[in-house]
Amino acid sequence: MARYITQRLIYMVITMFLIATLTFFLMKFLPGTPLSAADKLSDEQQAVVLEKYGLNDPVPVQYFNYMVNLAQGDLGISFQFDNREVTNIIMERIGPSMQLGFQAMVIGTIIGMLLGLVSAIYHNGIMDYTSTFLAVLGQSVPSFVFAGVLQFYIGVKFGWLPVALWEGWEYTILPTVSLAIFPIAIAARFMRTEMLEVMGSDYIVTARAKGVNKVGVVFKHGLRNALIPLITVLGPLAIGLMTGTLVIENIFAVPGIGEQFVKAINMNDYPIIMGTTLLIAFLFIFIILVIDLLYGVIDPRIRLAEGE
Amino acid sequence: MKKTNWLLLVLALVLSMFLAACSGGSDDTSNSTDDADSEETTDTEDTSGEDGEASGEQVLNIVDSAEIPTMDASLATDAVAFQWLGSTTDGLYRLGENAQPEPGIAKDHEVSEDGLTWTFNLREDAVWSNGDPVTANDFVYAWQRAVNPDTGSEYGPYMMGGVIKNAQAVVDGEVPVEELGVKADGDYTLVVELEKPVPYFESLTAFGTFLPLNKAFVEEKGEDYALEADALLSNGPFVLTEWSHGEGWTLEKNQDYWDAENVKLEKINVKVVKETSTAVNLYDTGEIDRTGLSAEFVDQYRTSDEFQIEEEPVLFYLKMNHENEVLGNVNARKAIQMVIDRQSMVDVILNNGSIPAVGHVPQNFTKHPETDEDFRELNGDLIETNVEQAQELWSKAKEELGQDSIELGYLGGDSEVAQNLDAYIKDQLEQLEGLTVKVQSVPFKERLQRDENMEYDIQNSGWGPDYIDPNTFLNMFITDGGNNKTGYSSEEYDGLIEKANNELAQEPVERFETFLEAEKILIQDDAVLAPLYQRASAQLWKPYVKGVIAQPMGPDYTYKYAYIEGK
């Protein structure tokens, strides 16, 4: 196990290096410069400012300098927020995004799994149809539509919850619910399909024949086997949610990282683009490792196979 | 039966959600009208209504569309930064009612006969929020820092180059920064030497780049200067007391401000909200006191008592590449100017109070020094819409060019509003027989780059003023001007702009009239550009907010005299 993890960690470092390199060079294809007053500055003045950021050096030199700094944990200074360290900016912004993403993920997974289970248990019944309908709805209607509806009715019309802003836990409820709709739909669909498949397996039929009731079979035997495909899907989805979604953050005025990332691209703020990409990439690789390890926990056969 | 009812209920609920979303929950990410490259907004409209008395809690709650990029005056380049720098710091002068400079740290000033030396007498009762007095040296330090190449300021060289003596030489590294034409004569006299007489220099001193800095404090903080609320000093009406990056910030009244008795607001809470629909919802629930409206909300709120249109001196126009064979023909350019129906464009497409542009100096921006008449009023409409005449000019151009069918590229923005606008203009231009317009929607940065390399035929451009003078709009199109990029070159036009800025620099009336003449050449005779519209913004203001002054340059608003009455 330890050898396996060590090996995976080495792969992680190599992957991160490749992503950093690729992103660095792709970023240089972005049109324009980081100068906000580019249309007002003469070429000479632009050169002076670019010199300050080290952007006058040849691209390979810039790349080398960046990688040396990166190896020392220095992500550089933001261009759009003068002199502010990228690490600090990311740290400030990642908190709200991760909180919302985590809440949405937990709620989404639990509710989605329950819906999927109910669907499977009451297959072809009204509960199944309703749950499937809700799942399709959740997957096909964009989250910003739900967000707009929730904000207008719950926030403005009824005044039950804050409309937007980020000033306490109650302010996270509406964005969390808006974000949770998609994972609910995904989890419900996968859970239903997998459970139906599992429920048709021989060992379930045997258990049922032995007189174990339906609900008992589902929770005792079915659930565990149905979880593996679900985890595979939910892992990357969790990263997508926790690293910030531009639209939801904008609608609820959440000071998250999703919006920051998009703005950095528009502003050619190279250090922030790099920093955020690397963070998201790291989370992805990390979560894939965790999922691989989880497979083993859920289904010991997988662990044994790896051990060989 | 029961089953059917249940399903119907769910269906009805879903449908109502969709409908509600369509009517209210817009996700338009921009409340600006286009891909403007200007950052200062404007206007001299006073939102306060009549004078009154402050009553109740003096707290203003507003939103801003973006995080403050920097509170370092030397590095600031955008409207948000200039807004909050202007609210917390007094320069030599600050803009008051009707954009007129009023005393800030300077009590008054004298100008030498040749217009080259300005001597500012500073007040002795102004202090920084750490108790240090505000002195002439604070200006010397700040201005030297802004042009020092090591600082990497974008606006320092731009605003001071060619204005303050030796500024350009310092930027180019030819002379040391100490040679910059700004000196302290004792603690409370500031002497500024200019490269040439600059008639608008007084209003320039109200601009963010010219604000003073406390040298000891800035150096003590080093790289951390202005990064957090506690790494900042104030000498203005408000102090930035809390700054939660990305989320919002709070300003409180500066009790040590030299003019504290005229500051009524105790607190300004600002939250960062990017979505217009979110800001409108917050406004409707009473969380905030002001919001901008994008076009789709305008009709909904137009009849409200709280609805206001704020006119801005920001212009949009079609820039034409004269190096293109077709656009090098003056009749073709005139046809393009004439064929566009601007009124329908502002009424239907923009729907935010913007007005048709009929010249290259906005209305309500500068006035004749003697008669006080508006520049726009004096020069009148330099273009009109006349499709028939446009067709004739176009035919003439085609004949001169020996071409029958013509294709022109059109460089436009990528935002939703810009794309609607560009589609409209394409439609209008294609009324010219034989003309095909190929629209390319690109991000703003890409457009700037193509403009720089003159890789376009026609493009949709915008410009906001850097100071209150016709020169900020008209000197753009002198031969080889940094922002010209049209290939236009006219000795006569260059001569007039040169004359206005040198020979006539101290003759305000003749100078103004020279600019009137120049604008006629630019738009009417040479048809260098096709003016489109002058921007305005639609807003909602709570009626209990009084005394806010909208500004044409620098900070969008002056909150120094704002107060709450009868909330």
Side-chain angles (χ1 to χ4, degrees), chain A residues 30-33 35-46 48-49 51-53 80-84 88-89 92-93 96 126 129-130 133-134 137 141 144-149 151-153 155-156 159 162-167 247 250-256 259-260 263 266-268, chain B residues 3 6-7 10 14 17-18 20-21 24-27 29 37 39 63 67 69-70 72 75 77-78 149-155 157-158 161 171-172 223-227 244-248 271-275 277-278 281-282 284-285 287 442-446 448-449 451-452 466 482-483:
Chain A
L30 287 173
T33 66
L35 299 175
S36 43
D39 56 333
K40 299 194 167 180
L41 300 181
S42 67
D43 293 346
E44 294 76 26
Q45 288 165 3
Q46 292 199 27
V48 167
V49 184
E51 180 73 40
K52 175 191 167 190
Y53 295 133
Q80 51 177 321
F81 301 109
D82 293 286
N83 291 339
R84 298 204 65 221
N88 289 347
I89 294 174
E92 278 163 7
R93 296 300 192 94
I126 180 80
Y129 293 138
T130 312
F133 174 73
L134 290 176
L137 188 73
V141 179
F144 66 81
V145 174
F146 286 110
V149 171
Q151 190 179 65
F152 184 72
Y153 283 101
V156 180
V163 169
L165 303 180
W166 191 253
E167 294 175 353
V247 183
N250 275 357
I251 290 179
F252 292 102
V254 176
E259 180 269 333
Q260 190 56 64
K263 194 176 170 202
N266 287 333
M267 306 273 289
N268 285 39
Chain B
K3 254 185 205 177
W6 208 80
L7 279 172
V10 173
V14 171
M17 282 162 81
F18 272 116
S26 158
D27 69 324
T29 53
D37 65 344
E39 45 302 291
V63 294
E67 153 76 336
T70 181
D72 185 331
L75 302 177
T77 52
D78 79 316
D150 294 342
T151 310
S153 167
E154 293 181 39
Y155 259 54
Y158 175 67
V171 175
D172 296 340
E223 288 193 345
D224 293 333
Y225 174 67
L227 293 188
S244 181
H245 297 281
E247 193 185 333
K271 296 289 174 195
V272 177
V273 175
K274 291 161 200 295
E275 286 286 325
S277 58
T278 307
N281 284 338
L282 287 167
D284 280 342
T285 53
E287 296 266 328
V442 299
F444 179 55
K445 288 253 174 196
E446 176 70 16
L448 280 188
Q449 193 153 311
D451 177 63
E452 180 67 27
D466 292 313
N483 294 294

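Lettering follows sequence order; numbering is per chain, from 1.
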Practice task
Give the minimum heavy-atom separation between B:Ser153 and A:Val49, together with the two atoms involved.
Solution key: O-CG2, 3.9 Å
Exercise for the section: Measure across A:Ile89 and A:Phe81 and return the closest heavy-atom pair with its distance rounded to 0.1 Å. Expected result: CD1-CD1, 3.8 Å
Problem - 4.5 Å side-chain heavy-atom contact, B:Thr77 and B:Tyr158 - result: no
Practice task
Give, as side chain, backbone, both or neither, the part of A:Leu35 having an atom under 4.5 angstrom from any heavy atom of chain B.
Solution key: both
Handout entry: Among the listed options A:Met267, A:Glu51, A:Glu259, A:Lys263, the residue most often paired with chain B at heavy-atom distances under 4.5 Å
Key = A:Glu259
Handout entry: Most contacts with chain A, counted as non-hydrogen pairs under 4.5 angstrom, among B:Glu446, B:His245, B:Lys271
Key = B:His245
Problem - pair A:Leu165-B:Val273: side-chain heavy atoms closer than 4.5 Å - result: yes
Fill in the blank from the handout: Looking only at B:Gly161, B:Gly248, B:Gly482, B:Pro157, most heavy-atom pairs under 4.5 Å shared with chain A are made by B:Pro157
Problem - Flag side-chain contact, heavy atom, 4.5 Å: A:Asn250 against B:Thr278 - result: no
Problem - Contact class of B:Val171 relative to chain A, heavy atoms under 4.5 angstrom - result: both
Practice task
Inspect the contact between A:Arg93 and B:Glu67 and indicate whether a charged nitrogen and a carboxylate oxygen are less than 4.0 angstrom apart.
Solution key: no
Handout entry: B:Ser244 versus chain A, the contacting section by heavy-atom distance below 4.5 Å
Key = neither
Practice task
Taking the side chain as every heavy atom from C-beta outward, state whether A:Ile251 and A:Gln151 have any atom pair closer than 4.5 Å.
Solution key: yes
Practice task
Would you mind checking which part of B:Pro443 comes under 4.5 Å of any heavy atom in chain A, side chain (CB onward), backbone (N, CA, C, O), both or neither?
Solution key: neither
Fill in the blank from the handout: Honestly, the part of A:Asn88 sitting under 4.5 Å from a heavy atom of chain B is neither
Problem - Region of B:Glu223 in contact with chain A, defined by heavy-atom distances below 4.5 Å - result: backbone
Completion exercise
Residue from B:Pro149, B:Ala226, B:Gly152 scoring the most non-hydrogen pairs under 4.5 Å with chain A is B:Gly152
Practice task
Select, from A:Gln260, A:Gln80, A:Lys52, A:Gln46, the one with the greatest count of heavy-atom pairs under 4.5 Å involving chain B.
Solution key: A:Lys52
Handout entry: Minimal non-hydrogen separation, B:Thr285 against A:Val156, with atom names
Key = CG2-CA, 3.8 Å
